[in-house]
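A short worksheet on the structure shown next.
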Amino acid sequence: MADQASPQHLFADVLARVHAVCGALATEGRWSAGIDLSRVVVEPPRDPAHGDVATNAAMVLTRQAKTKPRDLAEQIAARLRADDLIASVDIAGPGFINLTLKASAWSEALRTVLREGSSYGRRSAMGAGEKVNVEYVSANPTGPMHVGHGRGAVFGDALANLLIFAGYDVVREYYVNDAGAQVDVLARSAHLRYREALGENIGEIPEGLYPGEYLKPVGQALAATYGDKLLKMPEAEWLPIVRAKAIAMMMEEIEGDLAALNIRHDVFFSERSLIEGGTDQVAATIEFLRGKGDVYEGRLPPPKGAPVEDYEDREQTLFRATAYGDDVDRPLKKSDGGYTYFASDIAYHKNKFDRGFHNLVDVWGADHGGYIKRVEAAIKAVTSGKATLDVKVVQLVKLLRSGEPVKMSKRSGDFVTLREVVDEVGKDAVRFMMLYRKNDAVLDFDLAKVIEQSRENPVFYVQYGHARGHSVFRNAREVVPDLPEEAGARAAFLAEAAVERLTDPAELDLLRRLALYPRTIEAAAAAHEPHRIAFYLYDLASEFHAQWTRGRDLPYLRFIINNDAGMTKARLALVQGVVSVLASGLAVLGVHAPDEMR
RNA sequence: GCGCUCGUAGCUCAGCUGGAUAGAGCAUCGGACUUCGAAUCCGAGGGUCGGGAGUUCGAAUCUCUCCGAGCGCGCCA
């Protein structure tokens, strides 16, 4: 246990020590057999007066120990007092055990930050190399991406980064919906643009086809490749050709939009590939489920709520979703004999499982929320409960400009695209803002505010913190001339500083905040919530800015002390810790950490 | 009608999977620039955590029930 309690994670270290004490108490025979420590946690108390670390051990173990919380706390405290990391222990309230750590613990924590650099906070043991499939974006290849897609894209990408940092083996995946009726509509729309490119006057785009101008290049490309050959073919012949070309060009555009946000997927999985190329995986999956008794022919009651126009009561092929927690059984085949989207989706998720992924994360738009239960049901059925699926629903984005809604008319096909927004405000602003909100909360995205350089704009505020740290380094060379330029060398140099001299309460707060980073990574990764990193970085930057300004009124608190190179180096070590963690967290979010803001 | 998500300061939102006196920004009011970057900081006021009940040492957090908002509800994806 003591070996695993590496100092790279101070809170994990303390927790291990608390666990050890509780375990020892238990095995000394006073408790009934078996001890469950899973609910014992350590955390920083809200009120600093309560010490550095608090644990609820006595309270959550009171039943197992058959001892009153305060009495149990006394027993645990007595042993913790002997710990060489702990300066003092006291018991408060209903049985909290408050620990004050020795000052050396914080000095050591800072040295750890400096020593590990960009690896600090990495939680390799958490994921332990386990495979995770994160599927995100998966926008239909029928047009350019809008801002809502962008949010899912950024969220999925940051989550993938986060899980990698937490030690998982992550594959970033995009499900290309290239098989349904929508891509046929796309093909017909593109065919129209093709005729237009050949000089025909096509007039108004008919109802039901995609009117957007973005299909014009597809028409031109087809004209350039095929001349008028496609005109002479019947639709059944030209449609697959036009469809393939249109999808390819749309995907190229989408990948370009994603690249502008530094998003790159490892796998683009084609829905069509499930049914083409030899084996029909959808049919195979349906038969697999039929063999388990989870597929049958039957009738469904008519849908409630909004009446369905052309409702027709008929027998159909159904998946027994109700056996796995869904509300109704779900159809797998359409009346025209084709598979439903759901049927393909089951096969797709089974395919992921068969590729060795037992941890699945899907990132969906809010309008797909009603779809979650049936997919969860399907995954249970198809993997016999051996896979976990976490569906992250990303809420919609309200685009504003200085508080006023930006008009979007979808009907004309003329809407604000993701690319336009990225071009206007930059990828860093888009990425950070989309992560500076919980995924299931509606996001107001104000185009004017995100390029503002003020505290109101968290992107700027955090980046400025990083730049400001570098500004200190630049100025510090007058006192510490041999301060290295390169980050790794600088960190190594500063790790030798007398960091014990950092004793100001606000400095210790900063050290505590830095020590919290690995814990924040772990919690955010476990919850699949990258926004926690964004908020952590904001808090860290805030404390750093505050300490900077404090030096204005109280010169002895400045980072650079002209006649004391030793103290300056200690303070620079603190600044380096802050800069390093800001850079690390920003990297997880995929946001650039600039050395200066000018 | 059913399901999912949400409801926290005037506004926009956090709240570390059940912890101690519920936090931040904006807005309001009052302060700090012969400066390591004032692009920043400090302080003040502001709350029945939508209402009610339950679970337990302890609830904004878990359960139930109302109220309100958004999304969805065979053969679209």
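Here is the naming used below: chain letters follow the sequence lines, and residue numbers restart at 1 for every chain. In what follows, every heavy atom counts, from backbone to side chain, and hydrogens, waters and symmetry copies are set aside.
Contacts of A/R63 with the nucleic acid, taken as non-hydrogen atoms under 4.0 Å apart, involve only primed sugar atoms and P, OP1 or OP2. Residue contacts for A/R571: at a heavy-atom cut-off of 4.0 Å it reaches no nucleic acid atom on any strand shown. Counting non-hydrogen atoms under 4.0 angstrom, A/K68 reaches nothing in the nucleic acid. As judged by a 4.0 angstrom heavy-atom cut-off over every strand, A/A54 is placed among the base-contacting residues. As judged by a 4.0 angstrom heavy-atom cut-off over every strand, A/E452 is placed among residues making no nucleic acid contact. Backbone-only contact: A/G180 has heavy atoms under 4.0 Å from sugar-phosphate atoms and none from a base. Residue contacts for A/E271: at a heavy-atom cut-off of 4.0 Å it reaches the sugar-phosphate backbone alone, with no base atom in range. Contacts of A/R552 with the nucleic acid, taken as non-hydrogen atoms under 4.0 Å apart, include base atoms. Among the heavy atoms of the strands lying under 4.0 Å from A/F535 are primed sugar atoms or P, OP1, OP2 only; no base atom is included. Among the protein residues, A/Y536 comes within range of no part of the nucleic acid, since none of its heavy atoms lies under 4.0 Å from any strand. A/V442 comes within contact range of the sugar-phosphate backbone alone, with a heavy-atom separation under 4.0 Å but no base atom that close. Among the protein residues, A/A92 comes within range of the nucleic acid bases, having at least one heavy atom under 4.0 Å from a base atom. Among the atoms of the strands shown, only primed sugar atoms or phosphate atoms (P, OP1, OP2) are found under 4.0 Å from some heavy atom of A/D553. When heavy atoms are screened at a 4.0 angstrom cut-off, A/D446 is found touching no nucleic acid atom at all.
When both pairing distances are held under 3.5 Å, B/rU5 makes a Watson-Crick or G-U pair with B/rA69. Across all strands shown, B/rG45 forms no Watson-Crick or G-U wobble pair with both distances under 3.5 Å. In this structure, B/rG25 forms a base pair with B/rC11, meeting either the Watson-Crick or the G-U wobble geometry with both donor-acceptor distances under 3.5 Å. Nucleotide B/rG18 forms a pair with no other nucleotide shown, judged by Watson-Crick or G-U wobble geometry with both contacts under 3.5 Å. Pairing for B/rC64 goes to B/rG52, judged as Watson-Crick or G-U wobble with the two contacts each under 3.5 Å. Base pairing of B/rA32 is made with B/rU40, judged by Watson-Crick or G-U wobble geometry with both donor-acceptor distances under 3.5 Å.
Proximity of a side-chain donor or acceptor of A/Q463 to a complementary backbone N or O of A/H592 within less than 3.5 Å is detected. In this structure, the side chain of A/R468 does not engage the main chain of A/E596 through any donor-acceptor pair within 3.5 Å. A/S584 places no side-chain N or O within donor-acceptor distance of the main-chain N or O of A/S580, the cut-off being under 3.5 Å. In terms of modelled atom types and a separation under 3.5 Å, the side chain of A/N457 and the main chain of A/V450 share a donor-acceptor contact.
Checking B/rU5, B/rA14, B/rC76 against every side-chain atom of A/D440, the shortest atom distance belongs to B/rU5. Ranking B/rC36, B/rG72, B/rG19 by closeness to the A/D367 side chain, first place goes to B/rG72. With distances taken from any side-chain atom of A/P331 to the nucleotides B/rC41, B/rG19, B/rG74, the minimum falls on B/rG74. Out of B/rG15, B/rC76, B/rC13, the shortest distance to the side chain of A/K438 is found at B/rG15. Checked against B/rG3, B/rC16, B/rU40, the side chain of A/D327 finds its nearest nucleotide in B/rG3. When each of B/rA14, B/rC42, B/rG74 is scored by its nearest atom to the side-chain atoms of A/H531, the top-ranked nucleotide is B/rA14. Distance from the side chain of A/E43 is smallest to B/rG19 among B/rU40, B/rG74, B/rG19. Listed candidates were B/rG74, B/rC76, B/rC36. Nearest to the side chain of A/N475 is B/rC36. Listed candidates were B/rU12, B/rG19, B/rU40. Nearest to the side chain of A/D444 is B/rU12. Checked against B/rU17, B/rC36, B/rG3, the side chain of A/W548 finds its nearest nucleotide in B/rC36.
Nucleotide B/rC75 holds its P atom 14 Å from the CG atom of A/D345, rounded to whole Å. If you take CZ of A/R39 and P of B/rU56, they are 12 Å apart, rounded to a whole angstrom. In this structure, CD1 of A/I275 is placed 11 Å from P of B/rA77, rounded to the nearest angstrom. B/rG15 atom P lies 12 Å from atom CD1 of A/I533, rounded to whole Å. Atoms NZ (A/K392) and C1' (B/rU5) sit 12 Å apart, rounded to a whole Å. Atom pair A/F342:CZ and B/rC76:P shows a separation of 15 Å (rounding to whole Å applied). Here the P atom of nucleotide B/rA24 and the CD atom of A/E543 are 12 Å apart, to the nearest Å. Between the C1' atom of B/rU40 and the CZ atom of A/F544 lies a distance of 11 Å, rounded to the nearest Å.
Going from the P atom of B/rG18 to that of B/rC64 covers 16 Å, rounded to whole Å. Between B/rA22 and B/rA14, the two C1' atoms lie 11 Å apart (nearest whole Å). Rounded to whole Å, the P atom of B/rC16 lies 27 Å from the corresponding atom of B/rA27. Taking the P atom of each, B/rG74 and B/rG58 are spaced 46 Å apart, rounded to whole Å. Rounded to whole Å, the separation between the P atoms of B/rG47 and B/rA24 comes to 14 Å. Nucleotides B/rG19 and B/rC62 have their P atoms positioned 11 Å apart, rounded to a whole Å. The C1' atoms of B/rU21 and B/rU12 are separated by 25 Å, rounded to the nearest whole Å.
Aromatic ring pairs are classed by plane angle as parallel below 30°, tilted from 30° to 60° and perpendicular above 60°; the pair A/F544 and A/F559 is parallel.
Using a 4.0 Å cut-off between charged nitrogen and carboxylate oxygen, A/R243 and A/D184 count as a salt-bridge pair. Between A/D362 and A/K352 there is a salt bridge, with a side-chain nitrogen of the basic residue lying less than 4.0 Å from a carboxylate oxygen of the acidic one.
A/Y341 and A/Q182 share no side-chain donor-acceptor pair at under 3.5 Å. Residues A/D36 and A/Q64 bring no donor and acceptor atom of their side chains to less than 3.5 Å of each other. When only modelled atom types and interatomic distance are considered, A/D329 and A/Y296 share a side-chain donor-acceptor pair under 3.5 Å.
Distances shorter than 4.0 Å separate some side-chain N or O of A/K334 from OP1 or OP2 on B/rC76. Close to B/rC41, at under 4.0 Å from its OP1 or OP2, lies a side-chain N or O of A/Y461.
The 5' end of RNA chain B is approached more closely, in terms of each residue's nearest nucleotide, by A/K373 than by the other of A/A181 and A/K373.
Applying the 3.5 Å distance criterion, the base of B/rC13 shares no donor-acceptor pair with the side chain of A/R437.
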